[in-house]
Amino acid sequence: MSFHPIKLAAHNPGPMTGPGNNTYLLVEPGGDAALIDAGVGEPRHLAAINHHLDERGARLARVLVTHGHADHASGAPALAAAHSGASFHKYPWPEEDVRYPVTWSPLADGDSLPAGGDSLLAVHTAGHSPDHLVFWHEGSRTAFTGDLVIPGGSVMIDGSRGGDLGSYLVALERLLALRPRILLPAHGPEVADPAPVLNDHLEHRRMRERQVIASLAAGRDTVQAIVESIYDGLDGALGPAARQNVLAHLEKLKREGRATEENARWTLR
């Protein structure tokens, strides 16, 4: 089939989601369809899915979830209620998966899944979350990247909820090595020139690491003090995300033997 993903808004704008999530529908006319990411169950999203399915005489056969954060997975029960024959697939994250009462079919790195008359490869790209997947279409060299990249922005690494900065950097390098032609992210526009965007995300993290190390060297020894020193003019609503990002950098430095922590006080080694 011609590979033409249909971009559908999840209608969930907010401080952490920006204008809201993108989901993607892959339809085989007269046959099966796959939805990438479940959204949040917003009625306009569900109606748009039904419109495109009805227009093409297709049925929703499977939902492929990039990871278990609520803006990507919490719409699964509403989709299950509306499409009783659909199956739900993601990389396991048990403590999060139980929040969404559907039957999850587990995915592993390298699994191939039918998607609208073609197939997608599941690529495990942990870091933003432990269960994060990119879905890769080899024929068009298109990557559905979930929250691995945010064009024009940066990705939160929530160190207190399974985020791991070292793994995230490896995931970016892994996608870069695939030499994708198009990135379809869950937040922001399509990326038609992926290499600069992926390299920008890598360099942004290297820059933040340098800033964290400089803050520690200057005697700032708490997460909050480091946040205040490196995030200029931060919107208060983004404060928790900034603290988690700094914590992720500190934990990476700790694992590498370059920083130590005692009673929430951090120092360089």
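Just so you know, these numbers come straight off a predicted model, no measurement behind them. Basis for what follows: all heavy atoms, side chains included, without hydrogens, waters or symmetry-related copies.
Looking at P5 and F144, their side chains come closer than 4.5 Å, going by heavy atoms from C-beta outward. In this structure, the side chains of E251 and L165 stay at 4.5 Å or more apart for every pair of heavy atoms. Residues H83 and L53 are in side-chain contact: their nearest non-hydrogen atoms beyond the backbone lie under 4.5 Å apart. Between V149 and L172, the closest side-chain pair of non-hydrogen atoms falls below 4.5 Å. Two residues are said to be in side-chain contact when any heavy atoms from C-beta on lie closer than 4.5 Å; P180 and T142 fail this criterion. The shortest side-chain heavy-atom distance between I182 and S140 does not fall under the 4.5 Å cut-off.
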Salt bridge (charged side-chain N to carboxylate O under 4.0 Å, His left out) between E262 and R265, worked out: CA-CA 5 Å; E262 185 175 356; R265 300 281 179 175; over 6 Å; no
Given D118 and H137, is the side chain to side chain donor-acceptor pair (under 3.5 Å) satisfied, shown in steps? CA-CA 9 Å; D118 212 319; H137 183 253; 3.1 Å; yes
Which is it for N12 and D71 under the side chain to side chain donor-acceptor pair (under 3.5 Å) test, yes or no, and what are the steps along the way? CA-CA 8 Å; N12 61 323; D71 55 326; 4.8 Å; no
Given the rule in the side chain to side chain donor-acceptor pair (under 3.5 Å) test, do H132 and S129 qualify, once you have shown the distances and angles that lead to the verdict? CA-CA 5 Å; H132 196 283; S129 65; 5.7 Å; no
Could you walk me through whether L8 and H45 satisfy the side chain to side chain contact (heavy atoms under 4.5 Å, CB included) test, starting with their C-alpha distance in whole Å, then the side-chain angles of each, then the deciding distance to 0.1 Å, before giving a yes or no? CA-CA 7 Å; L8 300 176; H45 183 223; 4.1 Å; yes
Under the criterion side chain to side chain donor-acceptor pair (under 3.5 Å), I'd like the reasoning laid out for D158 against H128: C-alpha separation, chi angles, the key distance, then a yes or no. CA-CA 7 Å; D158 190 339; H128 173 67; over 6 Å; no
What verdict does the side chain to side chain contact (heavy atoms under 4.5 Å, CB included) test give for D131 and K90, after you've listed the backbone C-alpha separation in whole Å, the side-chain angles of each residue and the deciding distance to 0.1 Å? CA-CA 8 Å; D131 61 335; K90 69 182 296 296; 2.7 Å; yes
Run the side chain to side chain contact (heavy atoms under 4.5 Å, CB included) check on L202 and L169 step by step: do they pass? CA-CA 7 Å; L202 285 163; L169 298 175; 3.9 Å; yes
Please lay out, stage by stage, how W93 and R99 fare under the test side chain to side chain contact (heavy atoms under 4.5 Å, CB included). CA-CA 11 Å; W93 187 7; R99 297 172 58 196; over 6 Å; no
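L120 and L133 fall within a single hydrophobic cluster, where Ile, Leu, Val, Met, Phe, Trp and Tyr are joined by side-chain heavy atoms under 4.5 Å apart, directly or via other members. L184 and V134 are members of different hydrophobic clusters when ILVMFWY side chains are connected at heavy-atom separations under 4.5 Å. Under the 4.5 Å side-chain heavy-atom criterion for Ile, Leu, Val, Met, Phe, Trp and Tyr, V155 and V123 are members of the same hydrophobic cluster. Under a hydrophobic-cluster definition in which Ile, Leu, Val, Met, Phe, Trp and Tyr are linked whenever side-chain heavy atoms come within less than 4.5 Å, directly or via other members, W136 and L25 are assigned to different clusters. With hydrophobic clusters built from ILVMFWY side chains whose heavy atoms lie under 4.5 angstrom apart, V40 does not share a cluster with L46.
Between the E28 side chain and the G31 main chain, no donor and acceptor come within less than 3.5 Å of each other. Side-chain N or O atoms of T23 include none that pairs as donor or acceptor with a backbone N or O of I36 at under 3.5 Å. At least one donor-acceptor pair closer than 3.5 Å links the side chain of R141 to the backbone N or O of L178.
With rounding to the nearest 0.5 angstrom, the NE2 atom of H11 is 5.0 Å from the CZ atom of R44. Distance check, rounded to the nearest 0.5 Å: CD of E96 to OG of S74 gives 11.0 Å. Separating the CZ atom in R210 from the CE atom in M207 is a distance of 7.5 Å, to the nearest 0.5 Å. The CD atom of Q211 lies 8.5 Å from the NE2 atom of H249; values are rounded to the nearest 0.5 Å. From R220, atom CZ reaches atom CD of E228 across 9.5 Å, with rounding to the nearest 0.5 Å. Rounding to the nearest 0.5 Å gives a distance of 8.5 Å between CG of D164 and CD1 of I157.
Of all heavy-atom pairs spanning I226 and S229, the tightest one is O-OG, 2.8 Å. Closest of all the heavy-atom pairs between A171 and L148 is CB-CD1, 3.8 Å. Between A78 and G41, the closest heavy-atom pair is CB-CA, 3.9 Å. Across every non-hydrogen atom of P114 and A34, the tightest pair is O-CB, 4.3 Å. Scanning all heavy atoms of the two residues, the minimum distance from A10 to G39 falls at CB-CA, 4.0 Å. Contact between L250 and W266 at its shortest, heavy atoms only, is O-CZ3, 3.5 Å.
Residue pairs meeting the ring pair (Phe, Tyr, Trp, His ring centres under 6.0 Å) criterion with at least one member in residues 167-189, sequence neighbours excluded, are H72-H187.
Side chain to side chain, H67 and D147 meet the donor-acceptor criterion of an N or O pair below 3.5 Å. For the residue pair D37 and T66, a side-chain donor N or O sits within less than 3.5 Å of a side-chain acceptor on the partner.
L253 is linked by a side-chain contact (heavy atoms from CB on, under 4.5 Å) to E209, V212, I213, L216, E256, R258, A259, counting only residues two or more places apart in sequence or in another chain. Residues forming a salt bridge (Lys or Arg N to Asp or Glu O under 4.0 Å) with R206 (at least two apart in sequence, or on another chain): E173, E203. Under the rule for a salt bridge (Lys or Arg N to Asp or Glu O under 4.0 Å), E190 has no partner lying at least two apart in sequence or in another chain.
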Per-pair distances, 0.1 Å, donor-acceptor, side chain in residues 54-65, under 3.5 Å, sequence neighbours excluded:
unit_1, atom_1, unit_2, atom_2, d
R56, NH1, H52, O, 3.2
R56, NH1, H52, ND1, 3.1
R59, NE, D32, OD1, 3.0

If you look only at distance, which donor and acceptor atoms sit under 3.5 Å apart when one is on a side chain in residues 101-111 and the other is two or more places apart or in another chain?
unit_1, atom_1, unit_2, atom_2, d
W104, NE1, D97, O, 3.3
D109, OD1, H124, N, 2.8
D109, OD1, R174, NH1, 2.9
D109, OD1, R174, NH2, 3.2
D109, OD2, R174, NH2, 3.2
D111, OD2, A108, N, 2.8

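A cation-pi arrangement is absent between R243 and Y231 under the rule of less than 6.0 angstrom and at most 45 degrees off the ring axis.
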